[in-house]
Protein chains: 2
Amino acid sequence: MLLKGGCPKTALSIKDALEALEGRWKLLILFALSTGDKRFKQLSREVPGITDKTLSKELKSLEANKLIQRDVHDTFPPTVAYSITEHGKSLEKVMDELHYWGLAHRKEIMGT
Amino acid sequence: MLLKGGCPKTALSIKDALEALEGRWKLLILFALSTGDKRFKQLSREVPGITDKTLSKELKSLEANKLIQRDVHDTFPPTVAYSITEHGKSLEKVMDELHYWGLAHRKEIMGT
């Protein structure tokens, strides 16, 4: 559809999407949360190479974009866990297509 | 699929895809080329805000990723035009999904 049109409004919504997903951490965090709710320390272990400072910043950005939610549980002491929202889950098709295209791209470029 | 798995290999191919498309210019350039072959100066006019230096750099990167091709025409003097490749066109589904998700995201975030 896109490649038959070149409509500026299409470009705008693609830019919106890429901005919400920018950088390499957000998708990996959403990925880790796709298997279930996680606490900060769990995420920190499951997203290889991320620092606590960056994880904290990215979680705030994902929350602001309504892709994840931060739940405070009434335990003693209170505990916090992060979960993926319905809006976060709505990225599934985007991720699927990126995944398939990424595979095809690797084959095209590296011949593997 | 992705959000049911959390498989590290899926994460890798998504990262490959995002790296090939990184930044805000590449998609806009592919966009401009989707309506037909263009010369450098035409692209420079059709991609608002891009400098000639950045356009030159991005065209090289897109060519290295086999998303566009640079054609030298045997005219006098020789002329150069850029076109989107089949591999570039294979981004169509990714772009469509990003477009739809970007629209939904704007609605979710801005309520518009």
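Each chain gets a letter, A, B and so on, in the order its sequence line appears, and its residues count up from 1.
No donor-acceptor pair under 3.5 Å is formed between the side chain of B:Lys66 and the backbone N or O of A:Ile109.
B:Leu98 contributes atom CG, which lies 6.0 Å from atom CG of A:Leu98 (distance to the nearest 0.5 angstrom). If you take NZ on A:Lys93 and NZ on B:Lys93, they are separated by 11.0 Å, rounding to the nearest 0.5 Å. Going from atom CD of B:Glu108 over to atom OG1 of A:Thr85 covers 7.0 Å, rounded to the nearest 0.5 Å. A:Leu21 contributes atom CG, which lies 5.0 Å from atom CH2 of B:Trp101 (distance to the nearest 0.5 angstrom).
Taking non-hydrogen atoms and a 4.5 Å limit, the residue list of residues 55-64 of chain A in contact with chain B, ordered by number, reads A:Ala64. Contacts between residues 38-46 of chain B and chain A, defined by a heavy-atom separation under 4.5 Å, are made by no residue at all.
Looking at B:His87 and A:His105, their side chains come closer than 4.5 Å, going by heavy atoms from C-beta outward.
Contacts between B:Leu33 and chain A at a heavy-atom distance below 4.5 Å are absent for every atom of the residue.
Considering only heavy-atom pairs separated by less than 4.5 Å from chain A, the leading option among B:Ala17, B:Ala20, B:Ala104 is B:Ala17.
Taking both residues in full, the closest heavy atoms of A:Val94 and B:Glu97 are given as CG2-O, 3.5 Å, listed atom of the first, atom of the second, then distance.
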